[in-house]
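Structure record follows, encoded as C-alpha cells.
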Amino acid sequence: MTQAKIHVLATGGTIAGRAGSPVRRDYRPGQIGIEEFIARIESFGLDARLTGSQIANIGSEDIDMTVWRELHATALAAIENPECDGIVITHGTDTAEETALLLDQTLPTHKPVVLVGAMRPADAVGSDGMRNFANAVVVARDREAAGRGVLVVMGDLVHAARDVRKAVTTGTKAFRSFPRGPIAAVTPTSLEWFAEPWRPAQEARYPLPDELPPVAIVHACAAADVELVALLVRHGTRGIVLAGMGEGNAPRRLRDALADAVRAGVPVVRSSRVDEGLVDREPEDDNAGFVAARALGPAKARILLQLLLANGITDPAAIQAAFQRR
Ligand code: DGL
C-alpha cells in the first residue's frame, strides 16, 4: 500500500498552545507552527506523508471570514489535488463546531476533511494534542472517512459536523454528538466506523460567499426582555436564531416578537439552549413562519442560516428543507 498523503491546515488553538510549564493554568493558544507539528508526527512513524499550510495561528474565538475564506480555498485546492488523499485542520475547540459545519456545507465530500483540536496545551501534563492529532491522521488517511462530510476528532472519537458540539468546558472528553452520537472510535493504531458513509461523492451544498450576512442569536430565558427582537430588526439583522428553552420554546411575548420579525422579512430559526436533542416543527411554526433547527444548536444554526441567506435562500420552507438534511 502506498503511503497516504495528508495536507495539514493549521489555524492555532490550544492544540498549538503553550503554557511554559506543565502545571500552569493560563497559556497562549496558537504558539506552535505547522513545521513543528509535522516533524513531531513524523517521528511517530504513522503510515502517512504530511505537508502543511499555516492558515493562521489564533485562538478560535477570533476566527473570522478572512480565515474561513483562506481555509476553504486551501482545503478545496487540496481536495482537487490528485496528490492529496486527505486533509487535517488543526483548530481551537471553542468554535470548532462552527468551522466544521461551514466547511461541511461548502466543500465536496470526495476526500476526508478532519478537524482536530486539544483541550490541554502542548506542554501541559497529560496533554491530549498529539494523540488527537495522530488520531486525526489515522482518520484522514482512511478512504472510508470520505462521504461523511467534515469530521471532528477529539478524545478518541470521531464526530460528524452536524451532530458535534463542545458540551463540556474543561477536560479531554469535551465533545459530544447529538442525535447520532460519535460515528467512529479511533486510536493511533485502530479505527472502527459504526455505520456506512451517507454522503458519498457529493459536490459542495453551497458555494462559500465572500461575506456572511448578520444573523443574531436571541437567548430565551424566563421573563425575557422582548424589545431586543425589534431592535435587532431595526438594526438590520438578516435572520434570527432562537436559543430556545427545551424544544425551541420561548415566552409568549418573545414568540410574538419573533413572529413580527418574520412578518418584517427576517427569517427565524428555533433552536434550543439545551445541549441534547432535536427541535422539531410544531403547529405554530406554520402560522408564524418559523423554521425548526432540528439537530443544530444555536451556533451552528446561525452558520447554516447565514449560508442560506447569502445564497439567496430566504423562503421558510426552503430554509426548513436545508435544516432537515444530514
Ligand atoms: N481559545 C480557545 C480556542 O482556540 C482555546 C481553547 C481550545 O482550543 O481548546 O478555541
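All ligand and atom numbering here is 1-based and tracks the order in the structure.
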Heavy-atom nearest neighbour in the protein, as seen from atom 2 (C) of ligand 1, with distance rounded to 0.1 Å:
Asp94 OD2, 3.1 Å
Nearest neighbour in protein (non-hydrogen) for atom 1 (N) of ligand 1:
Glu61 OE1, 2.5 Å
Hey, is Asp64 close enough to Arg69 for a salt bridge, meaning N to O under 4.0 Å?
no
Tell me, do Ser177 and Ile183 make a side-chain contact under 4.5 Å, heavy atoms counted?
no
Geometry only, no angles: is Lys166 polar-contacting ligand 1 at N/O separations under 3.5 Å?
no
Pull out every atom of ligand 1 sitting under 4.0 Å from any heavy atom of Gly13, numbered as shown with elements.
4 (O), 8 (O)
Between Asp104 and Arg162, does any NZ, NE, NH1 or NH2 come within less than 4.0 Å of an OD or OE carboxylate oxygen?
no
Indicate yes or no: does Asp156 engage Arg131 in a salt bridge with an N to O separation below 4.0 Å.
yes
Of all the atoms in ligand 1, which lie at a distance below 4.0 Å from a heavy atom belonging to Gly59?
4 (O)
Contact region, Ala118 to ligand 1, non-hydrogen atoms below 4.0 Å, reads backbone
So the atoms of ligand 1 within less than 4.0 Å of a heavy atom of Thr14 turn out to be 5 (C), 6 (C), 7 (C), 8 (O), 9 (O)
Gly92 heavy atoms within 4.0 Å reach ligand 1 at atoms 3 (C), 4 (O), 8 (O), 10 (O)
Give yes if a backbone or side-chain nitrogen or oxygen of Ser60 is under 3.5 Å from a nitrogen or oxygen of ligand 1, and no if not.
yes
Lys/Arg-Asp/Glu bridge criterion (N-O < 4.0 Å) met for Asp256, Arg253
no
On the ring face of Trp193, is Arg143 found with NZ or CZ under 6.0 Å from the centre and within 45° of the axis?
no
In terms of heavy-atom contacts, does CD of Glu196 have more than 12 from other residues, nucleotides or ligands at under 6.0 Å?
no
Atom 9 (O) of ligand 1 sits nearest the protein heavy atom Thr93 OG1, 2.4 Å
